[in-house]
A.B. asks: 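Got a structure for you, questions after.
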Protein chains: 2
Amino acid sequence: MARNKRDIDKEAKRTEIVAAAHALFIQKGFDETTMGALATSVGVAPNTLYWYFANKDELLLAVLDSTLLSLHRDFMARQFSSFDEHLFWLYEQLLACNSLVTTVHARVIVSEPVAEWHTRFHHMLDAMFTWLLVQAGVAPAKVSGWLDVCTLTLEGLLSHRYEAARAQRALSALLTEIC
Amino acid sequence: MARNKRDIDKEAKRTEIVAAAHALFIQKGFDETTMGALATSVGVAPNTLYWYFANKDELLLAVLDSTLLSLHRDFMARQFSSFDEHLFWLYEQLLACNSLVTTVHARVIVSEPVAEWHTRFHHMLDAMFTWLLVQAGVAPAKVSGWLDVCTLTLEGLLSHRYEAARAQRALSALLTEIC
DNA sequence: ACCTGAACACCGTTCAAGT
DNA sequence: ACCTGAACACCGTTCAAGT
């Protein structure tokens with residue numbers, strides 16, 4: 001996309017803003033991060049942010065996309081020996097940005113673009129779980145029934161911030177029963 | 001609690017406000033319901049609400065409590081022939097106020113009283129599911145492992161507003177495997 | 001005791017103006 | 001093209017004043 005130096009600079013600035021927003025959204029939360037605070041963290045006037053992003057929700061979408069992209073990158077760079085290891089790794093990764101999960105669910109109701117992103121995200125999760133379950137030897141006919149249980153349990157564990165031990169126990173209960 | 005006429009009037013007014021807030025929170029959502037809109041809906045000045053409730057979160061807590069109370073009342077007035085029927089009934093009841101579920105999860109992070117209410121609510125759900133699972137003949141040793149899976153799946157189905165058929169399928173997958 | 005008008009602090013966003 | 005100061009609309013909340 002970025003053709004000339006000007007485009008590259010603009011892209012770099014966008015990336016810088018998204019990085020700062022990512023840090024603040026996770027540290028303070030989306031609602032608690034004001035555009036003013038984000039602006040000072042980047043060293044710019046609040047309204048300057050609106051030259052790069054139409055509004056706060058588009059900024060959220062950019063943060064979500066970049067988070068998912070780096071998650072995917074890390075995933076590809078790893079080898080997993082078992083279904084368990086795979087699932088727990090994913091759990092730990094997502095736990096680091098669990099406040100984003102809650103934020104998405106809150107904004108889905110009021111923002112159409114966020115709702116679309118949320119749908120796409122779940123399609124991705126579904127595809128991943130289907131692959132994992134089939135890989136683990138679950139009969140394809142039974143997969144569809146378990147899909148939502150797996151996804152929702154995982155998401156619930158994140159948004160409720162359960163201690164690692166409890167999350168482990170719940171995921172284990174699921175796994176031993178399915179496989 | 002209400003001793004004399006004055007207390008009764010005050011309690012009645014509080015109940016009226018809570019009822020109006022309940023309707024608006026469910027119809028429009030918590031964030032999208034301004035104190036001003038709620039005030040006009042009750043026919044009073046916005047700041048009058050602060051004579052009855054310290055802030056918007058306390059109003060939310062009152063709505064949550066009243067919702068839970070009437071749910072409990074309805075529950076007691078019913079007979080359930082099976083675990084399935086019981087669970088689906090609960091699902092349908094909670095679906096009617098699913099936006100409150102999302103709101104609670106969003107406010108838990110920032111409001112201590114809401115966090116306490118949320119903890120109490122999950123204790124209640126845990127107790128209920130334990131009772132149901134034992135009733136259904138699940139070995140007590142296995143109950144604790146399934147508890148969180150049941151709770152989180154139920155909550156996830158609500159907050160994601162899945163169509164009835166899909167929710168039915170997920171809950172059925174859980175039930176047939178557990179029992 | 002109960003209610004209100006006016007005001008405050010804050011926040012997302014816009015706009016006209018600068019370079 | 002990129003950035004800013006000033007302003008706008010809105011919202012939760014407070015406060016002094018009314019009855």
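Since this is a predicted model, take the numbers as computed values, not measurements. The chains referred to below are lettered A, B, ... by the order of the sequence lines, with proteins before strands, and numbering in each begins at 1.
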A.B. asks: Could you tell me whether the side chains of A:Asp74 and A:Trp89 share a donor-acceptor contact shorter than 3.5 Å?
C.D. replies: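 Checked: A:Asp74/A:Trp89 side chains show no N/O donor-acceptor pair below 3.5 Å.
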A.B. asks: Return the pairing partner of D:dG18 with a 3.5 Å limit on both distances, Watson-Crick or G-U wobble; otherwise return none.
C.D. replies: C:dC2
A.B. asks: Which residues within residues 104-116 of chain A lie with some heavy atom under 4.0 Å of an atom in DNA chain D?
C.D. replies: none
A.B. asks: So do A:Leu64 and A:Leu61 actually touch side chain to side chain, heavy atoms under 4.5 Å?
C.D. replies: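 They are in side-chain contact.
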A.B. asks: Once you apply the 3.5 Å cut-off to both distances, tell me the Watson-Crick or G-U wobble partner of D:dA9, or none.
C.D. replies: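 Checking every strand shown, D:dA9 finds no partner, since no pair has both distances under 3.5 Å.
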A.B. asks: Which protein N or O atoms sit under 3.5 Å from an N or O of nucleotides 11-14 of chain C?
C.D. replies:
residue : atom : partner : partner atom : Å
C:dG12  : OP1  : A:Lys56 : NZ           : 2.9
C:dG12  : OP2  : A:Met35 : N            : 2.8
C:dT13  : OP2  : A:Tyr50 : OH           : 2.8
C:dT13  : OP2  : A:Lys56 : N            : 3.0
C:dT13  : O5'  : A:Tyr50 : OH           : 3.3

A.B. asks: Contact class for B:Phe53 (heavy atom, under 4.0 Å): base, sugar-phosphate, or nothing?
C.D. replies: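 Nothing: the residue B:Phe53, judged by heavy atoms under 4.0 Å, touches no strand.
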A.B. asks: Does the side chain of B:Leu71 reach to within under 4.5 Å of the side chain of B:Leu94, using non-hydrogen atoms?
C.D. replies: yes
A.B. asks: If I take atom CG in residue B:Leu38 and atom P in nucleotide D:dC10, what distance separates them, rounded to the nearest angstrom?
C.D. replies: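 Distance, rounded to whole Å: 18 Å.
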A.B. asks: To the nearest Å, how far apart are B:Arg14 CZ and C:dC2 P?
C.D. replies: 12 Å
A.B. asks: Quick one, A:Met35 and A:Tyr50 - any side-chain contact, counting heavy atoms below 4.5 Å?
C.D. replies: yes
A.B. asks: Could you tell me whether B:Glu85 and B:Arg78 make a salt bridge, using a distance below 4.0 angstrom between a side-chain N and a carboxylate O?
C.D. replies: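 Yes, this pair counts.
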A.B. asks: State whether a side-chain donor-acceptor pair under 3.5 Å links B:His22 with B:Gln27.
C.D. replies: no
A.B. asks: Please state whether the rings of B:Phe80 and B:His86 are parallel, tilted or perpendicular, taking 30° and 60° as the class boundaries.
C.D. replies: parallel
A.B. asks: Check whether B:Phe121 and B:Leu59 end up in the same hydrophobic cluster, where Ile, Leu, Val, Met, Phe, Trp and Tyr are linked by side-chain heavy atoms less than 4.5 Å apart.
C.D. replies: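 Same cluster: B:Phe121 reaches B:Leu59 through Ile, Leu, Val, Met, Phe, Trp or Tyr contacts under 4.5 Å.
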